[in-house]
Amino acid sequence: MINETVTYTILKANGPQLEQIEDSVVREIPLTIHYNREEIATLLCSPSQTEELTLGFLLNEGFIRIPEDVYELREDPIDHLVWVEGKPCLLQKELMSKRFVSACCGKSRASFCFANDALMVKPLTSAHSIPLKEAYEYTNFLQSHLPLFQATGGIHSGGVGYHGKVILTSYDIGRHNVFDKLNGSAFRSGLELENYIIFFSGRVSSEILLKVAKMRVPILIARGAPTDMALSQAAALNITIVGFAREQRLNIYTCPERISG
């Protein structure tokens with residue numbers, strides 16, 4: 001069983017009083033990923049779902065596209081190393097960090113920060129919609145199914161939903177890792193996410209929005225706030241962004257036709 005927390009002896013202040021207590025702190029590990037014997041990246045993450053995180057990361061970065069692209073996956077859980085043997089990828093490693101500068105402006109497609117984003121992301125065509133009641137149900141799921149957050153306060157969480165049912169869940173210290181884990185889990189299960197929903201505990205930045213776009217998910221429901229760049233990209237890519245989703249309240253920012261009253 002994976003140890004996801006570490007216990008520390010701390011001093012807790014309550015007004016003028018100091019008390020020594022035992023406190024649970026969430027674990028963080030460096031996970032180093034190798035693809036075809038080449039080191040690709042080291043991700044700082046929670047120690048759970050590391051194989052799913054690896055697959056989701058490789059999928060989102062364009063190294064793999066279909067399950068048949070992965071020949072073998074091996075992991076060293078002690079030293080936090082993962083080796084993946086797979087189909088040689090068309091996108092070279094350098095594309096992960098090569099800046100892509102777009103001349104688009106006005107109502108043109110939103111600019112992307114990296115070259116592989118521009119190559120991989122296209123506007124969604126899904127007409128899938130959900131009732132407002134279903135959106136609230138996903139929000140309430142996050143509030144009632146976060147025991148590790150309640151114990152440590154140190155993680156983000158998310159899930160994939162379909163017709164009111166929660167299909168997949170993940171959590172991690174890193175916002176981006178939550179989406180890679182969900183994508184890796186869907187990849188392993190053979191799920192195509194074009195008519196599914198993602199719900200998420202944090203805020204929506206442009207980087208988060210691009211992960212959703214790569215997953216081809218039409219609706220993102222978040223407890224946090226979106227940024228202006230995320231909304232610009234969401235509008236250009238035909239993705240519905242819901243923010244500040246709490247109990248019976250939420251804001252619909254883009255593509256509102258997918259949420260019915």
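For the atom pair Ile221 CD1 and Glu134 CD, the distance stands at 7.5 Å (nearest 0.5 Å). Atom CG of Leu193 sits about 12.0 Å away from atom CZ of Phe187, to the nearest 0.5 Å. Here the CD1 atom belonging to Ile167 is positioned 12.0 Å from the CG atom belonging to Leu182, to the nearest 0.5 angstrom. Distance CD1/Ile259 to CD1/Ile219: 4.5 Å, rounded to 0.5 Å. Distance check: Cys45 SG to Asp172 CG gives 5.5 Å after rounding to the nearest 0.5 Å. The distance from atom SG of Cys255 to atom CG of Leu220, rounded to the nearest 0.5 Å, is 12.0 Å.
With salt bridges taken as basic N to acidic carboxylate O contacts below 4.0 Å, none links Glu207 and Lys211. The pair Glu51-Arg188 counts as a salt bridge, with a side-chain nitrogen and a carboxylate oxygen less than 4.0 angstrom apart. Salt-bridge formation is not detected for the pair Lys87/Glu68: no Lys NZ or Arg NE/NH1/NH2 atom is positioned less than 4.0 Å from an Asp or Glu carboxylate oxygen.
Considering only heavy atoms from C-beta on, Arg203 stays 4.5 Å or farther from Pro226 through its side chain. In this structure the side chain of Phe57 reaches within 4.5 angstrom of the side chain of Ile33, judged on heavy atoms. At a threshold of 4.5 Å between non-hydrogen side-chain atoms, the residues Leu237 and Val121 count as touching. Contact annotation: the side chain of Leu124 approaches that of Arg216 to within less than 4.5 Å [non-hydrogen atoms, C-beta and beyond]. Side-chain contact between Lys181 and Ser46 is present, with at least one heavy-atom pair separated by less than 4.5 Å. Side chains of Tyr171 and Asn177 form no contact here, defined as non-hydrogen atoms less than 4.5 Å apart.
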Task: Residue pair Val82, Arg74: steps toward the side chain to side chain contact (heavy atoms under 4.5 Å, CB included) verdict - done: CA-CA 6 Å; Val82 181; Arg74 295 180 292 110; over 6 Å; no
- [ ] Apply side chain to side chain contact (heavy atoms under 4.5 Å, CB included) to the pair Leu210 and Gln233, showing each step before the final yes or no.
- [x] CA-CA 8 Å; Leu210 288 174; Gln233 291 175 340; 3.9 Å; yes
Open item on the list: Set out, in order, the CA-CA distance, both residues' side-chain angles and the distance that settles side chain to side chain contact (heavy atoms under 4.5 Å, CB included) for Val25 and Thr5, then state yes or no.
Closed with: CA-CA 5 Å; Val25 177; Thr5 62; over 6 Å; no
TODO: Go through the steps for Glu52 and Ser170 under the test side-chain hydrogen bond (donor to acceptor under 3.5 Å, both in side chains), then give the verdict.
DONE: CA-CA 10 Å; Glu52 289 81 359; Ser170 72; over 6 Å; no
TODO: Show the numbers, then the answer: is there a side-chain hydrogen bond (donor to acceptor under 3.5 Å, both in side chains) between Ser205 and Thr227?
DONE: CA-CA 5 Å; Ser205 65; Thr227 67; over 6 Å; no
- [ ] Go through the steps to decide whether Leu209 and Ile239 satisfy the test side chain to side chain contact (heavy atoms under 4.5 Å, CB included), and finish with yes or no.
- [x] CA-CA 9 Å; Leu209 188 279; Ile239 296 173; 4.1 Å; yes
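Side-chain atoms of Asp69 come within 3.5 Å of backbone N or O of Ile66 as a donor-acceptor pair. Under the 3.5 Å distance criterion, the side-chain polar atoms of Asn183 are left unmatched by any main-chain donor or acceptor of Phe179. Of the possible donor and acceptor atoms, one in the side chain of Thr54 sits under 3.5 Å from a partner among the backbone N and O of Thr50. The closest donor-acceptor contact from the side chain of Asn36 to the backbone of Gly86 lies under 3.5 Å. Side chain of Ser189 to main chain of Leu191: no donor-acceptor pair is present (N/O by atom type, distance under 3.5 Å, no hydrogens or angles).
Remark: the Thr7 side chain and the Ser24 side chain contain no N/O donor-acceptor pair separated by less than 3.5 Å.
Neither Leu81 nor Ile29 shares a network with the other; the hydrophobic side chains, linked directly or stepwise wherever heavy atoms of I, L, V, M, F, W or Y lie under 4.5 Å apart, form separate groups for each. Under the 4.5 Å side-chain contact rule for hydrophobic residues, Leu44 and Leu31 do not share a cluster.
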Solution key, residues 10-22 side-chain donor-acceptor pairs under 3.5 Å, sequence neighbours excluded:
| unit_1 | atom_1 | unit_2 | atom_2 | d |
| --- | --- | --- | --- | --- |
| Glu22 | OE1 | Thr9 | OG1 | 3.4 |
| Glu22 | OE2 | Thr9 | OG1 | 2.7 |

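A parallel orientation is assigned to the rings of Phe199 and Tyr138, their planes being inclined by less than 30° (bins at 30° and 60°).
Ile198 and Met215 get closest at one heavy-atom pair: CD1-CE, 3.4 Å. Closest approach of Ser185 and Gln49 over heavy atoms only: OG-NE2, 3.9 Å. The minimum heavy-atom distance between Arg223 and Ser201, with the atom names listed, is CB-O, 3.5 Å. Residues Ala234 and Ile241 come closest through the heavy atom pair CB-CG1, 3.5 Å. The two residues Ser126 and Pro218 make their nearest non-hydrogen contact at OG-CG, 3.8 Å. Pairing each heavy atom of Leu250 with each of Ala245, the nearest pair is CB-CA, 3.8 Å.
Enclosure of atom OH in Tyr71 by more than 12 non-hydrogen atoms of other residues, nucleotides or ligands within 6.0 angstrom is indicated. The environment of Glu257 atom CD is dense: over 12 non-hydrogen atoms of other residues, nucleotides or ligands sit within 6.0 angstrom.
Screening residues 239-253 for side chain to side chain donor-acceptor pair (under 3.5 Å), with sequence neighbours left out, gives Thr240-Arg258, Asn251-Tyr253. Sorted by first then second residue, the ring-ring contact (aromatic ring centres under 6.0 Å, His included) pairs that include residues 14-39, not counting sequence neighbours, are His34-Trp83, Tyr35-Phe63.
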